[in-house]
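Everything below concerns the one structure shown next.
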Amino acid sequence: MDGTTPPAVLTIAGSDSSGGAGIQADLKAFTAFGCYGTSVITALTAQNTKGVQGVHPTPPEFLEQQLRAVLEDIDIKSIKTGMLYDAENTRRVASTLRAHFEDTARIPPLIVDPVAVSTSGHTLLHPEAVDVMAKELFPLAALITPNKPEAELLLSRKEGSAHARIETLEDMLSASERLLALGPKAVLVKGGHISLTLADVRKVVASRPDLAVVQENFLGENMEILQVSEEVLNARPLVVDVLREAKSVTLFVSPRIESTNTHGTGCTLAAAIASVLSKGEPMPEAVRQATIFTHVGIETAFPVGKGHGPLNHMHMLTRKLVPPPRPSNPHPLTRILIQSSKRTWKEYVEHEFVKQLAQGTLPKECFLHFIKQDYLYLKYYARAYGLLIAKSATYTSIQSATQTIMYIITEVTTHKSFCALWGISEAELSATPESPSTTAYGAYLLDIGLQGDSAKLIMALAACLLGYGEVGLWLKKEAAKPNSWVKLKGNQYLKWIEDYSGENYQAAVKLGIETIETLAVDNAPNARQFHEWCVIWEKCTRLEKGFWDASLNLL
């Protein structure tokens, strides 16, 4: 393959007449990942979103004929099996693969989704076929993807029902290990049927340092301004999938979505994994991408039918640089901006100046230099918001920028009160010479403001507003930890910490987040504009860090 030709992927599964599961779901997932889909139909079904009304299996001879026709002509890069229906069809798939490839090591990555029962309770795999699948197909598989009922069924036939119950995360880990003994190279035990919380995950991980954890749909560090309370996060229902390979175990943790649009979830996940593997990615990365695709597919699903509707397989085809807000990601642009400058943002939020301030050990002269320069900087900042008002085309945006200027005036008052505590008058404040870092930052804001693009100015202003809010909440969180390094009692800088973590300033932060998120929705950026936004955000974050560098480097 030359890198431009889509890899060919094969699904061996049943047909869903309603289009939400089976080969129809698989082919949609293949296309969404930029793959060329081929198919071998193991059975026809009469079904819709309310259930399966009938199944008409493909004769084994014709199933084999389909499979050989595809394999003899097309260079298949990965294979996914779904509903195989009965023992003979299952056996025929395994024997045909072995015969065609001769050396089983040459079989492309094979994902076996051991579909046994439909969502509505209809049997899709005859009991005797379970043993054939485990004995003949699993040893050829790169991965098997059972959910809780399927894993329990497989283990009950192997070990007896007394050992087959899966109710906890520990049970899932144990089941994955026992299923790996059936011969596949890897096992993914899906957790959609098991109710877990972040507290459950943390408890298990604390006792199992060998476990890797992927939390793609959760906020990363230094995103306190976007976080819910720790108590709510701990209790939030989760879905945890357990990937066990020969030498590693990875947990994929996602927020649970309460939805009836789950028809074809297992098919879609397995097909997405096969798609990513066809491009040469390792198994954990394939599962990571597939779980995200499936999660967003459920979250963005649209109404189809009167029962359990299908996922939205098209969300990647209409993907924007800034995705629309979703329940699990209500502030996508803010998250993207922080992630785009992750290293600089962390160096700013967790700056040594901030740490010494939180411990009360920051030298007085360093703090006074900072507070004087920040007083001078805020005049630039307010003027820049004045430019934003002049560029605003709606009363809502004018009101938003005006409210922020009022927050700035309040902040200036706070600075004056701080300085008064240290014996510094307003006249002395105003007479203080600007440092190079103050002039550089202020001039950059005004330069962006004079360029005529209100969106770029919003990005420049938001970095400062949100940054101080993040620092305040980070210190508040750290101070609440047992034996915290943050020392609030007797800290001469306590009021500064309380102000930026307090309700008034956090209200301004919330308004700033709403402003940039509304901007992304109402004026979706093209690639050039999006790049400019990220560059401006990172530049302003560096200028903020430089502000504290200058104050700390006095000594």
Side-chain angles (χ1 to χ4, degrees), residues 7 9 25-26 28-35 77-78 80 108-113 141-147 169 172-173 176 180 184-192 194 196 198 201-202 204-205 208 210-221 223 236 238-257 262 264-300 311-313 315-317 319 323 326 328-329 332 335-336 338-340 342:
V9 185
D26 297 342
K28 291 171 187 176
F30 295 163
T31 302
F33 278 90
C35 299
K77 296 299 182 181
S78 65
K80 176 258 176 182
L110 171 64
I111 312 304
V112 177
D113 183 16
L143 175 73
I144 63 173
T145 62
N147 58 25
L169 182 54
M172 294 176 69
L173 290 165
S176 68
L180 193 68
K185 293 183 178 65
V187 175
L188 181 68
V189 178
K190 298 177 293 190
I194 300 172
L196 296 171
L198 193 57
V201 175
R202 286 174 173 169
V204 171
V205 171
R208 291 283 304 273
D210 59 307
L211 299 178
V213 181
V214 176
Q215 298 182 174
E216 195 71 30
N217 287 293
F218 286 86
L219 296 169
E221 64 176 350
M223 292 188 186
R236 186 176 184 177
L238 304 178
V239 172
V240 181
D241 300 323
V242 176
L243 172 65
R244 181 179 291 274
E245 300 176 273
K247 297 182 179 180
S248 65
V249 182
T250 306
L251 308 183
F252 295 87
V253 182
S254 299
R256 180 176 293 276
I257 305 170
T262 54
T265 300
C267 305
T268 299
L269 179 69
I273 294 171
S275 299
V276 181
L277 289 177
S278 74
K279 301 178 181 182
E281 295 288 351
M283 186 63 72
E285 175 61 15
V287 175
R288 185 190 73 83
Q289 291 190 34
T291 53
I292 294 171
F293 176 77
T294 305
H295 179 93
V296 178
I298 297 172
E299 199 168 38
T300 62
L311 286 63
N312 173 17
H313 295 87
H315 65 83
M316 283 178 62
L317 304 181
R319 184 168 48 182
R326 308 191 313 268
S328 66
N329 187 9
R335 185 189 290 203
I336 289 171
I338 293 175
Q339 289 174 331
S340 72
K342 184 177 180 180

Non-hydrogen side-chain atoms of [X] and [Y] separated by less than 4.5 Å:
| X | Y | result |
| --- | --- | --- |
| V242 | L169 | yes |
| I144 | I111 | no |
| L198 | Q215 | yes |
| V287 | V276 | no |
| V9 | L277 | no |
| L211 | V204 | yes |
| T300 | R326 | yes |
| E299 | H315 | no |

request  = Begin with the C-alpha distance, continue with both residues' side-chain angles, and end with the deciding distance and a verdict on side-chain contact (heavy atoms from CB on, under 4.5 Å) for V253 and V214.
outcome  = CA-CA 6 Å; V253 182; V214 176; over 6 Å; no

What heavy-atom pair brings [X] and [Y] nearest, and what distance separates the two atoms?
| X | Y | value |
| --- | --- | --- |
| K80 | A274 | CB-CB, 4.1 Å |
| I273 | A290 | CG1-CB, 3.4 Å |
| H295 | S254 | ND1-CB, 3.9 Å |
| A271 | A29 | CB-CB, 3.9 Å |
| A270 | T145 | CB-OG1, 4.2 Å |
| D241 | V239 | OD1-CG1, 3.9 Å |

inquiry  = Between K279 and K77, is the side-chain contact (heavy atoms from CB on, under 4.5 Å) condition met? List the steps.
reply    = CA-CA 8 Å; K279 301 178 181 182; K77 296 299 182 181; over 6 Å; no

ask   = Given the rule in the side-chain contact (heavy atoms from CB on, under 4.5 Å) test, do E245 and K185 qualify, once you have shown the distances and angles that lead to the verdict?
value = CA-CA 6 Å; E245 300 176 273; K185 293 183 178 65; over 6 Å; no

I'd like to know if the side chain of [X] reaches the main chain of [Y], judged simply by a donor and an acceptor atom lying under 3.5 Å from each other, with no hydrogens or angles considered.
| X | Y | result |
| --- | --- | --- |
| S176 | L173 | yes |
| N147 | K190 | no |
| T291 | R288 | yes |
| R256 | G192 | yes |
| H313 | A32 | no |

remark   = Value for CZ (F293) from CG (N312), rounded to nearest 0.5 Å, stands at 8.0 Å

key: For E281, salt bridge (Lys or Arg N to Asp or Glu O under 4.0 Å) partners two or more places apart   = none

task = Could I get the full list of salt bridge (Lys or Arg N to Asp or Glu O under 4.0 Å) partners for K28, not counting sequence neighbours?
result = none

Partner of L143 by side-chain contact (heavy atoms from CB on, under 4.5 Å), out of L243, L110, D113, V112 = L243

task = Identify, with sequence neighbours excluded, every residue that meets side chain to side chain contact (heavy atoms under 4.5 Å, CB included) alongside L180.
result = V187, R244

request  = Please lay out, stage by stage, how L311 and T265 fare under the test side-chain contact (heavy atoms from CB on, under 4.5 Å).
outcome  = CA-CA 7 Å; L311 286 63; T265 300; 3.5 Å; yes

